[in-house]
Protein chains: 2
Amino acid sequence: MLKTERQAYILRKIDLHNRVLSSDLGIEINVSEDTIRRDLNELAELDKIVKVYGGALSKSFHSSFLRFDVYKADGKKIIAEKAVSLVQHDMFILTTGGTTVVEMARILPAGLQATFFTGSIPAAYEYAQHPNIQVIFMGDRISKSSQIAVGGEAISRINSIKADLCFLGINAIDGAGVSDNDWEVVQVKQSMIKASKKTVVLSITEKINTRQRFAVCGLDEIDTIITDSGPGNPLFEGFVAAGVKLL
Amino acid sequence: MLKTERQAYILRKIDLHNRVLSSDLGIEINVSEDTIRRDLNELAELDKIVKVYGGALSKSFHSSFLRFDVYKADGKKIIAEKAVSLVQHDMFILTTGGTTVVEMARILPAGLQATFFTGSIPAAYEYAQHPNIQVIFMGDRISKSSQIAVGGEAISRINSIKADLCFLGINAIDGAGVSDNDWEVVQVKQSMIKASKKTVVLSITEKINTRQRFAVCGLDEIDTIITDSGPGNPLFEGFVAAGVKLL
DNA sequence: AAAAAATATGCAAATTAGCGCATAAAATAT
DNA sequence: ATATTTTATGCGCTAATTTGCATATTTTTT
């Protein structure tokens with residue numbers, strides 16, 4: 001087996017499994033682990049994989065691991081500030097949960113008078129800290145993974161209101177729209193979108209052009225996307241073309 | 001499992017649950033707790049999580065109301081433990097908010113399987129931390145003073161269920177019964193009492209034989225009072241005479 | 001104050017990595 | 001075709017990393 005072949009084999013395996021062990025590969029291809037290690041180092045040098053102790057990982061896997069919370073928090077603050085600028089007096093606002101939304105809830109101006117509807121426990125808590133904000137919690141069963149109320153009751157509560165704005169914290173968005181990996185949460189988000197005149201997506205740049213298992217809504221249902229990078233970023237071309245505003 | 005993978009797993013779990021215990025992770029991933037502790041320390045060093053005694057917390061939630069660090073309220077802990085002893089498997093339990101109830105929520109046994117109904121944001125959050133507990137939040141407008149849902153919707157939701165037990169955190173109790181100073185909260189509590197087969201009052205000793213503006217219920221509607229002093233305390237004579245159990 | 005739980009530390013065993021070198025294989029030059 | 005240079009591979013060795021365990025220490029709970 002030629003060196004190039006071998007490396008191609010390794011790459012394919014990493015693509016498939018997201019990871020390889022040097023020891024496995026040695027036996028599998030029937031070369032010494034030294035050779036494997038040299039291969040992995042070369043591939044890592046070319047930025048195709050990430051070498052770790054004992055083997056290697058796919059780049060996507062590792063980048064999700066490497067996200068800098070500090071940086072991320074900064075990004076979320078930027079987003080939160082932009083989002084706050086859309087909030088006006090006496091609005092009715094629906095929001096999901098998620099750290100970005102919570103961040104926004106924290107920095108709402110003290111004087112602001114508005115009504116916030118949410119099913120998220122952390123978000124509700126933050127809203128309740130503001131003296132002039134009325135908080136309506138749309139309850140039901142609490143999903144442990146996302147700390148928000150899910151289920152039929154929650155959804156019918158959402159359906160019974162009409163909000164001016166919906167702030168949607170998301171997991172993934174691309175040209176096809178918003179997607180998520182939790183079916184119960186998807187249903188709640190869909191109801192929220194339908195119950196609001198305008199939908200504003202809050203997303204850190206990392207999530208742009210990623211996709212997850214379940215579709216939440218198409219780009220046509222989104223009015224604005226707020227990210228931590230400027231609207232000029234070429235990453236957003238597809239969204240602008242679809243008529244979505246950027247902030 | 002590679003070290004990097006393990007740490008990624010830990011990060012994901014913290015993202016999802018906001019906190020992890022070293023002991024859980026050790027069993028889950030099947031490595032020693034030493035290794036987990038070393039991982040947590042490394043991740044904390046990189047500023048990705050917050051290390052605390054016993055495990056770690058998500059950075060984003062650490063700063064808000066959710067912390068399980070030292071919370072010195074000896075009396076309330078005693079009450080909480082007595083209360084927990086009344087909880088049995090597969091019960092339906094209604095609870096108010098209040099620090100005593102939250103304290104109880106924190107120390108519920110890990111294996112306990114039960115359903116908790118509440119309208120309190122801090123209590124709901126604590127319940128949601130337990131893997132086998134189902135949490136139903138009975139939502140409506142959030143009262144800022146008490147962090148619980150109040151109003152017609154909340155009350156009609158409460159009326160629609162039938163619980164085995166109601167844990168009632170209170171403000172004042174004397175020979176005439178339980179009283180409170182917030183009319184909206186009173187209404188919620190009254191509904192909760194009616195919706196439960198048994199009502200258990202949680203109260204620190206200081207509140208015994210005090211009264212506030214609005215009556216919540218008479219002693220005849222209370223089955224048990226749990227305090228931080230022993231049942232022999234002469235303070236409780238009137239309650240015993242009225243047929244209330246003491247713990 | 002005592003008991004229990006969690007942590008830190010030092011140490012040993014196992015695994016993985018890196019280096020130099022000999023040899024084999026391939027490419028290039030003569 | 002042969003010699004020479006370059007590249008690739010495996011082996012022996014040492015170094016570094018990781019992990020679990022025992023023990024002492026600290027923190028928390030009772």
Side-chain angles (χ1 to χ4, degrees), chain A residues 1-11 14 19-46 49-57 62 65, chain B residues 1-11 14 19-46 49-57 67-85 99-100 102-111 126 129 204 226-230 247:
Chain A
M1 187 179 240
L2 262 58
K3 186 183 172 189
T4 5
E5 272 183 285
R6 195 178 54 232
Q7 296 194 348
Y9 178 88
I10 294 174
L11 275 181
I14 292 180
R19 69 155 213 191
V20 288
L21 304 181
S22 308
S23 50
D24 284 357
L25 282 172
I27 297 166
E28 223 170 296
I29 314 184
N30 201 36
V31 289
S32 75
E33 285 187 34
D34 289 74
T35 304
I36 298 296
R37 231 176 292 111
R38 276 189 270 245
D39 283 341
L40 295 181
N41 281 332
E42 281 174 31
L43 292 171
E45 197 67 37
L46 297 171
I49 62 172
V50 179
K51 178 83 184 70
V52 299
Y53 199 89
L57 300 172
H62 197 257
F65 164 78
Chain B
M1 192 178 223
L2 293 166
K3 184 186 172 189
T4 324
E5 289 181 290
R6 194 180 54 232
Q7 296 192 346
Y9 177 89
I10 295 173
L11 276 183
I14 292 181
R19 78 177 182 201
V20 291
L21 303 180
S22 308
S23 49
D24 285 356
L25 282 172
I27 296 165
E28 229 169 290
I29 314 184
N30 202 35
V31 290
S32 74
E33 282 187 40
D34 292 74
T35 304
I36 297 295
R37 228 175 287 113
R38 276 188 271 243
D39 282 340
L40 295 181
N41 282 333
E42 280 176 32
L43 293 172
E45 196 67 35
L46 296 172
I49 60 174
V50 178
K51 178 82 183 70
V52 297
Y53 200 88
L57 301 176
R67 37 164 233 259
F68 71 106
D69 48 339
V70 265
Y71 188 83
K72 272 288 182 228
D74 288 342
K76 292 186 176 171
K77 267 198 182 125
I78 294 169
I79 296 170
E81 269 158 30
K82 291 181 186 172
V84 164
S85 73
T99 49
T100 313
V102 170
E103 197 59 44
M104 184 200 70
R106 286 202 182 120
I107 62 170
L108 287 170
E126 292 298 337
Q129 301 307 116
I204 54 174
I226 300 181
T227 72
D228 48 325
S229 46
L247 255 185

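What you are looking at is a predicted structure, and each value in this text was computed from that prediction instead of being measured. Per chain, numbering begins at 1; letters A, B, ... match sequence-line order.
Taking atom CD of A:Gln7 as the reference point, atom C1' of D:dT9 lies 13 Å away to the nearest angstrom. Atoms CD (A:Glu5) and C1' (D:dA8) sit 15 Å apart, rounded to a whole Å. If you measure from atom CD1 of A:Ile36 to atom P of D:dA8, you get 15 Å, rounded to the nearest angstrom. For A:Arg6 and D:dT9, the CZ to C1' distance is 8 Å, given to the nearest whole Å. Atom-to-atom, CG of A:Leu2 to C1' of D:dA8 comes out at 11 Å; the value is rounded to the nearest Å. One interatomic measurement links the two molecules: CG of B:Leu40 to P of D:dT19, which rounds to 13 Å at whole-angstrom precision.
For the salt bridge (charged side-chain N to carboxylate O under 4.0 Å, His left out) test, residues two or more places apart in sequence or in another chain that qualify with B:Glu33 are B:Arg37.
Along DNA chain C, read 5' to 3', the first and last nucleotides having any atom under 4.0 Å from a heavy atom of chain A are C:dT15 to C:dC19.
DNA chain D is contacted by A:Val31, A:Ser32, A:Asp34, A:Thr35 of residues 23-35 of chain A, taking any non-hydrogen atom closer than 4.0 Å.
Of the residues B:Lys3, B:Arg6, B:Lys51, the one that meets the salt bridge (Lys or Arg N to Asp or Glu O under 4.0 Å) test with B:Asp39 is B:Arg6.
In this structure, the separation between CD1 on A:Ile29 and OG1 on A:Thr35 is 9.5 Å, given to the nearest 0.5 Å. Rounded to the nearest 0.5 angstrom, B:Leu43 CG and B:Ile36 CD1 are separated by 10.0 Å. Rounded to the nearest 0.5 angstrom, B:Met104 CE and B:Ile226 CD1 are separated by 9.0 Å. The structure places CG of B:Leu25 at 12.5 Å from CG of B:Asn30, a figure rounded to the nearest 0.5 Å.
Under the 4.5 Å side-chain criterion, counting only non-hydrogen atoms from C-beta, B:Glu5 is in contact with A:Leu57.
The partner of C:dT30, taking Watson-Crick or G-U wobble pairs whose two distances both stay under 3.5 Å, is D:dA1.
Atom CD of A:Glu45 has 12 or fewer neighbouring heavy atoms from other residues, nucleotides or ligands inside a 6.0 Å radius.
In this structure, B:Asn41 reaches the sugar-phosphate backbone alone: every heavy-atom distance under 4.0 Å involves primed, P, OP1 or OP2 atoms, never a base.
The shortest non-hydrogen separation linking B:Ile14 to B:Ala56 is CD1-CB, 4.0 Å.
For A:Tyr53 and D:dT17, a side-chain-to-base donor-acceptor distance below 3.5 Å is present, hydrogens and geometry of angles not being considered.
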